[in-house]
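The block underneath contains the structure these notes are about, expressed in structure tokens.
Note on naming: letters A, B, ... go to the chains in the order of the sequence lines (proteins, then strands), and numbering restarts at 1 for each one.
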There are 2 protein chains.
Amino acid sequence: MAHGGKPRPMKGIRQLAEHLDISIGTVSRALNGKPDVNEETRKRVLAAAEQLGYVANQSGRSLRQGTTNVIGLMIQSSRETVENSDNFFLTVTGGLQSVFSRHNLDLIMLPCPHDEDPYEYLKRMVARRIVDALILSETQRVDKRFDMLAKAKIPFAALGRSLSGVQHPWADLDFDGVANCAVDRLVARGHRRIAISTPASDINLGFVFVEGYRRALERHGIPYDPALVIRAKSSEQGGYQVADELLRLEDRPTAVILIYELMAIGFYRRVMEAGIIPGRDIAVVGFREAPRAKFLQPALTCFRTSLHDLGVELAEILLSSMPAYNHIYPNTKRQRTWPLELVPGESDAFHLTTGK
Amino acid sequence: MAHGGKPRPMKGIRQLAEHLDISIGTVSRALNGKPDVNEETRKRVLAAAEQLGYVANQSGRSLRQGTTNVIGLMIQSSRETVENSDNFFLTVTGGLQSVFSRHNLDLIMLPCPHDEDPYEYLKRMVARRIVDALILSETQRVDKRFDMLAKAKIPFAALGRSLSGVQHPWADLDFDGVANCAVDRLVARGHRRIAISTPASDINLGFVFVEGYRRALERHGIPYDPALVIRAKSSEQGGYQVADELLRLEDRPTAVILIYELMAIGFYRRVMEAGIIPGRDIAVVGFREAPRAKFLQPALTCFRTSLHDLGVELAEILLSSMPAYNHIYPNTKRQRTWPLELVPGESDAFHLTTGK
DNA sequence: ACGCGCTCCGTAAACGTTTACGATACTATG
DNA sequence: CATAGTATCGTAAACGTTTACGGAGCGCGT
């Protein structure tokens with residue numbers, strides 16, 4: 001490879017210092033807002049940097065001070081994620097960034113390849129020291145990643161709870177609260193056989209969801225029937241499959257709670273194929289409100305929340321557990337279940353005992 | 001084993017060298033596969049690195065050799081993107097990674113915040129030298145970013161064409177080909193007033209799409225009517241709006257081509273509100289095949305493609321324009337329109353002249 | 001005069017790696 | 001035996017930045 005004899009342009013702080021006829025130490029201090037530099041020289045330095053388009057080389061900086069000013073958001077583009085994530089991650093990302101940018105932190109997304117073990121991938125990213133802190137998503141029931149990050153002393157927060165690493169910081173949608181509310185609402189309308197869907201994978205939110213459902217049933221004195229818990233992919237196809245399985249049951253449920261709004265599309269379709277009208281013959285409650293759920297007929301009863309604000313909260317939780325920032329976000333609650341608001345629709349608007 | 005028990009975490013190549021009683025130069029050469037190192041010592045070094053969990057610090061490495069082994073994929077999480085991107089980016093990402101990982105390159109996603117100018121954001125990322133090369137998406141009609149990257153001599157490729165930076169490498173869905181094919185098909189069924197939708201933003205694919213449509217009409221001797229080109233967001237709501245606007249026209253079109261499949265959901269809904277049945281009273285052709293389009297009734301005629309393979313192609317295009325890799329991917333065609341395959345549905349299955 | 005504290009700035013040593021260069025031992029060749 | 005060539009390895013200089021340290025200049029109180 002040409003390793004060349006051309007006089008390199010020396011694009012660095014050194015050139016900037018020479019151009020200003022100041023030592024590079026002073027230039028660096030001026031740029032980084034250190035106190036012991038004359039205000040007037042600082043102005044000169046900043047002006048020159050702006051004019052010459054100088055930006056500190058990240059490698060040099062982070063080599064010296066062991067910090068990168070980059071936060072990583074790890075996502076596993078598993079097939080299931082790919083099929084249903086839609087705007088979820090990007091919306092949360094917006095909230096995260098709105099906080100990080102205030103501290104000159106940049107967010108990058110680390111997509112773990114399908115064919116690579118998430119744990120190994122994360123280990124590599126950590127070892128490379130490319131990020132100062134991490135946000136983990138799609139937390140598993142037991143998730144080795146937490147222990148690893150704790151041992152490596154990398155600050156992190158999770159988008160989702162987990163059973164492992166008990167005390168780690170997280171923010172999570174209030175899955176059990178939603179299941180609870182949905183059951184209450186359906187029971188109040190006379191339903192007693194209520195089905196629920198949960199993801200097929202080991203992702204923890206499914207367990208939390210079903211657990212909330214189970215406790216709510218218990219509170220109402222309704223026996224918990226495992227046959228009414230359907231494991232399915234969180235997609236339209238999954239919803240179709242849920243309906244399919246429920247139709248096969250001898251003692252069919254009169255209501256169903258779907259963990260992803262998109263599933264309702266497939267669910268509607270399948271039951272209508274069987275001549276069953278959602279909102280008249282069976283009650284349906286979905287999870288998050290989503291633009292495309294708005295077009296369902298009858299309108300889906302679901303739960304609204306601001307994913308953007310959830311991102312904001314999660315960012316603050318992360319910063320509060322980073323030594324360099326916890327003086328700015330002190331005592332922030334390290335674990336936060338994020339509330340959702342009921343959006344009543346027509347899909348469960350009938351009372352069972354009064355007929356349709 | 002020299003020191004029994006658990007070795008404490010590696011601090012750097014220096015400790016690894018001391019542990020092996022070899023100079024750090026040799027260790028580095030061994031790890032990087034340089035030729036002038038004894039095969040047997042190399043094995044020892046690799047084994048020790050594996051055992052002690054040593055991974056080279058990326059900052060030190062990239063500071064020295066000016067390379068990071070990271071490829072950045074810039075995405076602008078604009079509101080429009082957030083609403084319709086669904087699995088698009090993650091799927092393409094999978095294809096990209098399958099190529100990059102063969103060369104020990106990692107892909108990171110750089111999400112430009114809504115409130116930041118994409119150009120400034122990119123400039124910052126480039127200046128920080130955090131990536132070796134870039135993939136740009138959502139290319140605008142005229143896109144300053146290309147010129148900037150060219151001037152900064154950063155290798156890049158684009159997911160999407162542009163009018164600026166004429167000779168830059170890119171891969172792009174065959175928007176004009178699809179528009180062309182759709183028009184041909186509709187004309188063959190007797191349609192002459194054919195509407196088309198295009199995004200409201202300056203994203204280039206809209207122009208390419210409409211241009212293909214315009215030329216196809218011209219070929220059939222059908223006059224181009226600007227009133228039939230509807231600018232709308234690429235979402236269900238956008239589709240609803242397209243239908244709404246078309247219904248207001250005095251001389252209503254008999255067919256419509258939608259640039260995003262999701263729009264069909266809203267479109268169906270709106271025309272059915274007006275008592276118009278898609279596939280009987282109006283012909284509808286969508287763009288990409290998507291899981292949720294499968295649930296439309298009648299089935300949407302649309303176009304299928306593998307976004308994963310598009311990612312593979314794009315990765316190879318990028319590598320072929322990187323000095324360090326172009327010997328591996330020589331003479332790869334630098335610009336590639338990616339084909340789509342027609343998936344006939346029922347939404348345009350009627351012949352206009354024979355009635356319904 | 002002297003010392004002290006303060007403000008500002010220059011010097012140089014890190015940070016962890018890669019790599020050009022030279023050194024050593026050994027082998028093959030003349 | 002001298003020399004050249006080869007295989008292998010150690011040494012030290014970069015890469016660009018931050019920062020501990022010290023020094024110069026100055027004002028001020030004793």
Side-chain angles (χ1 to χ4, degrees), chain A residues 1-45 48-49 52-70 104 126-130 132 324, chain B residues 9-45 48-49 52-70 104 126-130 132 324:
Chain A
M1 206 135 299
H3 208 280
K6 63 176 164 186
R8 54 217 148 126
M10 195 43 133
K11 273 202 75 102
I13 199 175
R14 179 137 44 219
Q15 201 198 26
L16 182 57
E18 279 172 11
H19 175 258
L20 285 163
D21 204 35
I22 310 184
S23 82
I24 70 173
T26 304
V27 172
S28 173
R29 279 190 297 266
L31 290 174
N32 291 31
K34 290 298 159 71
D36 53 347
V37 49
N38 191 324
E39 261 324 304
E40 197 246 346
T41 41
R42 162 167 293 137
K43 278 206 197 100
R44 274 179 59 212
V45 171
L52 300 185
Y54 169 80
V55 179
N57 178 307
Q58 188 61 40
S59 300
R61 155 177 287 184
S62 60
L63 177 58
R64 170 59 220 241
Q65 60 182 12
T67 192
T68 64
N69 283 356
V70 175
N104 282 348
V126 166
R128 285 176 143 204
R129 307 259 141 75
I130 210 176
D132 287 348
Chain B
M10 242 338 71
K11 192 161 184 189
I13 199 174
R14 175 164 276 115
Q15 283 195 2
L16 181 57
E18 279 173 10
H19 176 257
L20 285 164
D21 204 37
I22 310 184
S23 83
I24 70 173
T26 303
V27 172
S28 173
R29 279 190 296 265
L31 291 173
N32 292 28
K34 291 298 159 70
D36 54 347
V37 48
N38 191 324
E39 262 323 306
E40 198 244 346
T41 40
R42 161 167 292 135
K43 276 206 198 99
R44 273 180 60 214
V45 171
L52 301 185
Y54 168 80
V55 180
N57 178 306
Q58 189 61 40
S59 300
R61 158 177 284 182
S62 60
L63 177 59
R64 171 59 219 240
Q65 60 182 13
T67 192
T68 63
N69 282 357
V70 175
N104 282 349
V126 165
R128 285 175 142 206
R129 306 261 141 76
I130 210 176
D132 287 348

In B/S/- notation, 5' to 3', how is nucleotides 23-28 of chain D contacted by protein heavy atoms closer than 4.0 Å?
------
Report, as a single string ordered 5' to 3', how protein heavy atoms within less than 4.0 Å touch nucleotides 11-18 of chain C: B base, S sugar-phosphate only, - not at all.
B-BBBBBB
Five pairs at each end of the helix from C/dA1-D/dT30 to C/dG30-D/dC1: take the axis at both ends and give me the angle between them to 10°.
70°
Nearest 0.5 Å, what's the [atom1]-[atom2] distance between [X] and [Y]?
| X | Y | atom1 | atom2 | value |
| --- | --- | --- | --- | --- |
| B/Ser23 | B/Arg14 | OG | CZ | 11.0 Å |
| B/Ile13 | B/Leu31 | CD1 | CG | 5.5 Å |
| B/Leu63 | B/Gln58 | CG | CD | 11.0 Å |
| B/Asn57 | A/Ser62 | CG | OG | 7.5 Å |
| B/Ser59 | A/Gln65 | OG | CD | 10.0 Å |

With sequence neighbours excluded, residues passing side-chain hydrogen bond (donor to acceptor under 3.5 Å, both in side chains) with B/Asp132:
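Once residues adjacent in sequence are excluded, the partners of B/Asp132 under the side-chain hydrogen bond (donor to acceptor under 3.5 Å, both in side chains) criterion are B/Thr67, B/Thr68.
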Mind checking what makes side-chain hydrogen bond (donor to acceptor under 3.5 Å, both in side chains) contact with B/Ser28, not counting sequence neighbours?
none
Could you list the protein-to-nucleotides 23-28 of chain C atom pairs, N/O on both sides, closer than 3.5 Å?
none

[Y] backbone acceptor or donor facing [X] side chain under 3.5 Å:
| X | Y | value |
| --- | --- | --- |
| A/Arg44 | A/Leu20 | yes |
| A/Arg42 | A/Val27 | no |
| A/Asn38 | A/Glu40 | yes |

More than 12 heavy atoms from other groups under 6.0 Å of CG on A/Asp36:
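Enclosed.
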When you compare the side chain of A/Arg29 with that of A/Val45, does any pair of heavy atoms fall below 4.5 Å?
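Result no, sub-4.5 Å side-chain heavy-atom pair not found.
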With a 4.5 Å cut-off on side-chain heavy atoms, are B/Asn69 and B/Arg61 touching?
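In short, these two side chains touch, coming nearer than 4.5 Å.
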Just the rounded figure in Å: distance from C1' of C/dC9 to CD of A/Glu39.
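Atom CD in A/Glu39 sits about 15 Å away from atom C1' in C/dC9.
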Using a 4.0 Å heavy-atom cut-off across all strands, classify B/Asp36 as base, sugar-phosphate, or nothing.
base
